[in-house]
Peer 1: 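This is the structure I have questions about; it appears just below.
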Protein chains: 2
Amino acid sequence: MKRNSRLSLALHTLGHMAGDPDRMRTSADIAKHAGTNPVVVRRVLGKLREAGLLTSEKGHAGGWRLARAPDAITLADVYLALDESLVATAEQEAASACSVENILQKKVASVLEDIERSLVERLAATTIAEVR
Amino acid sequence: MKRNSRLSLALHTLGHMAGDPDRMRTSADIAKHAGTNPVVVRRVLGKLREAGLLTSEKGHAGGWRLARAPDAITLADVYLALDESLVATAEQEAASACSVENILQKKVASVLEDIERSLVERLAATTIAEVR
DNA sequence: ATTAACGCAACAGCAAAAGTTACATTAGCC
DNA sequence: GGCTAATGTAACTTTTGCTGTTGCGTTAAT
C-alpha cells in the first residue's frame, strides 16, 4: 500500500461490495485483493462499521457486508467515517504573543475550513454504486 | 515546531518582513523568533528565494530581505513556492487491472485537483502586507 | 470439538520531516 | 591581509506517524 491508503482501501473495498452487496467477504479476502494485511483491513473497516456503513460478523461464516444500499453510501460518508483529512488541518495552538502569527493562523484556518467543507460537498455527490 | 511547519515558518517570517521591509534579518534571528534552527530557516527561505520572493546576501552583513513590495506577495505565492501541498495529492499509479480502482482514482483525483485550485485562489486573495 | 472468522493489543519496520553538526564559501571591517 | 559573521550545503541523528506483523482471546458454524 501507499500513502494515505486508508481512504483508498476503504473506497476500493466498498466499491466492490456495491457490485455484489449480498456476498460476505472476509478480511483475508479483502486484504489479498487490496495487497495488504487482514489486520489493517479490520482496522479500517472497523471505523466504517462504527459509522454504520458496514456490518461485520464473527465466527465461522463471518465477514463483512454493507449495512445499507450502495446508492445510500456516498464517498463523503466514507471519508468522514475515517476521520482522517485530505486537507491539512490548521494548527490549533494557544494564541501566541505574536500578532502576525495569530492573524495568519486565523486566516489560514478559515480558508482550510472552507476548503474542507467544499471537499466534503464534492464527495457527497458520488455514491459507491457509481464507481464500478 | 510542529507538523506542516514549513509553510507556517515561511508565512510567519514574511509577515514580519512585511512590517519592516528594509531591515536585513539573519537566519539566526529568524530561527530564534520562530523557535527553530537557522539551518531549517535557510532551507525554507531558500525555496522562497528560488521563487523570487526573497533575496539573501552572504558574508558579514548578510541576511534576508523581501525581493518585492509586501503587497505584491500573496499567501499563494508562498504556498506555491514551497511546493508542499495542504491537499493530499491523489496517488498517481499505473492504471490497475481493477476497474473500481481506476474509476475511483479518477473521481478522487479530479475532486482533489479542483479543491487544490480553489485553495490557491483563496490564498491569492491575501497579501503578506495584510497579516500584521 | 474443531475450525474459521473477527477484535484487539503490542511491537517491529519504514519513510518523511525536523533538528543538528560540520565545514566550505563569501563579504564586510579593522 | 586577516578576522569575523553571515549564507550554502551535505551528512547524520532524532522524532513521529503509519503500515505491517504477530499473537492471542472471543465467537459462531459445522
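Bear in mind the structure is a predicted one, so any value in this text is a computation, not a measurement. Every chain is numbered from 1 and lettered A, B, ... according to where its sequence line falls, protein lines coming before strand lines.
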Peer 1: When you measure from the side chain of V39(A), which nucleotide among dT21(D), dT7(D), dA18(C) comes out closest?
Peer 2: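 Closest of the options to the side chain of V39(A): dT21(D).
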Peer 1: In this structure, how many angstroms lie between the C1' atom of dT9(D) and the CZ atom of R49(B), rounded?
Peer 2: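 That distance rounds to 11 Å.
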Peer 1: At under 4.0 Å between heavy atoms, how does the protein contact nucleotides 23-30 of chain C? Give one character per nucleotide, 5' to 3', with B, S or -.
Peer 2: ---BBB--
Peer 1: Starting at CE of M24(A) and ending at P of dC6(C), how long is that distance when rounded to a whole Å?
Peer 2: 9 Å
Peer 1: Please, which pairs that meet ring-ring contact (aromatic ring centres under 6.0 Å, His included) have at least one residue in residues 33-79 of chain B, sequence neighbours excluded?
Peer 2: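 For residues 33-79 of chain B: H12(B)-H33(B), H16(B)-H33(B).
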Peer 1: In whole angstrom, what separates E50(A)'s CD from dC6(C)'s P?
Peer 2: 16 Å
Peer 1: OP1 or OP2 of dG20(D) sitting under 4.0 Å from any side-chain N/O of T36(A)?
Peer 2: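 Yes, such a contact exists.
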Peer 1: Tell me whether the side-chain N/O atoms of S5(B) come closer than 4.0 Å to OP1 or OP2 in dA18(C).
Peer 2: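 So the side chain of S5(B) is within the cut-off, an N or O lying under 4.0 Å from OP1 or OP2 of dA18(C).
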Peer 1: Return the minimal non-hydrogen interatomic distance between T26(A) and G62(A), and the atom names on each side.
Peer 2: CG2-O, 3.9 Å
Peer 1: I need the CG-P distance between N37(B) and dA22(C), as an integer number of Å.
Peer 2: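 Spelled out: CG on N37(B) to P on dA22(C) is 13 Å.
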Peer 1: Over how many whole Å does the gap from I30(B) atom CD1 to dG8(D) atom P extend?
Peer 2: 11 Å
Peer 1: Would you say the side chains of E130(A) and T127(A) form a donor-acceptor pair under 3.5 Å?
Peer 2: yes
Peer 1: Establish, from distance only, whether the side-chain atoms of S56(A) and R49(A) form a donor-acceptor pair under 3.5 Å.
Peer 2: yes
Peer 1: Report yes if the side chains of R65(A) and E57(A) come closer than 4.5 Å at any heavy-atom pair, otherwise no.
Peer 2: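 Side-chain contact under 4.5 Å: yes.
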Peer 1: Using a strict cut-off of less than 4.0 Å between a Lys/Arg side-chain nitrogen and an Asp/Glu carboxylate oxygen, indicate whether D114(B) and R122(A) qualify as a salt bridge.
Peer 2: yes
Peer 1: What is the distance from CG of L45(B) to P of dA6(D), rounded to the nearest Å?
Peer 2: 15 Å
Peer 1: R43(B) CZ to dA11(D) P: how many Å, rounded?
Peer 2: 13 Å
Peer 1: Is there a side-chain contact between T26(B) and the phosphate of dA6(D), meaning an N or O under 4.0 Å from OP1 or OP2?
Peer 2: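 Answer no for this pair, as no side-chain N or O of T26(B) is under 4.0 Å from OP1 or OP2.
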Peer 1: Side chains of residues 69-78 of chain A: which donor-acceptor pairs under 3.5 Å do they make with residues two or more places apart or in other chains?
Peer 2:
unit_1 : atom_1 : unit_2 : atom_2 : d
T74(A) : OG1    : A76(A) : N      : 3.2
T74(A) : OG1    : D77(A) : N      : 3.1
T74(A) : OG1    : D77(A) : OD2    : 3.3
D77(A) : OD2    : R68(A) : NH2    : 3.3
D77(A) : OD2    : T74(A) : N      : 2.9

Peer 1: Within this structure, what is the CH2-to-C1' distance between W64(B) and dA5(D), rounded to whole angstrom?
Peer 2: 15 Å
Peer 1: dA5(C) phosphate, OP1 or OP2: any side-chain N/O from S56(A) under 4.0 angstrom?
Peer 2: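 Answer is no, no contact under 4.0 Å.
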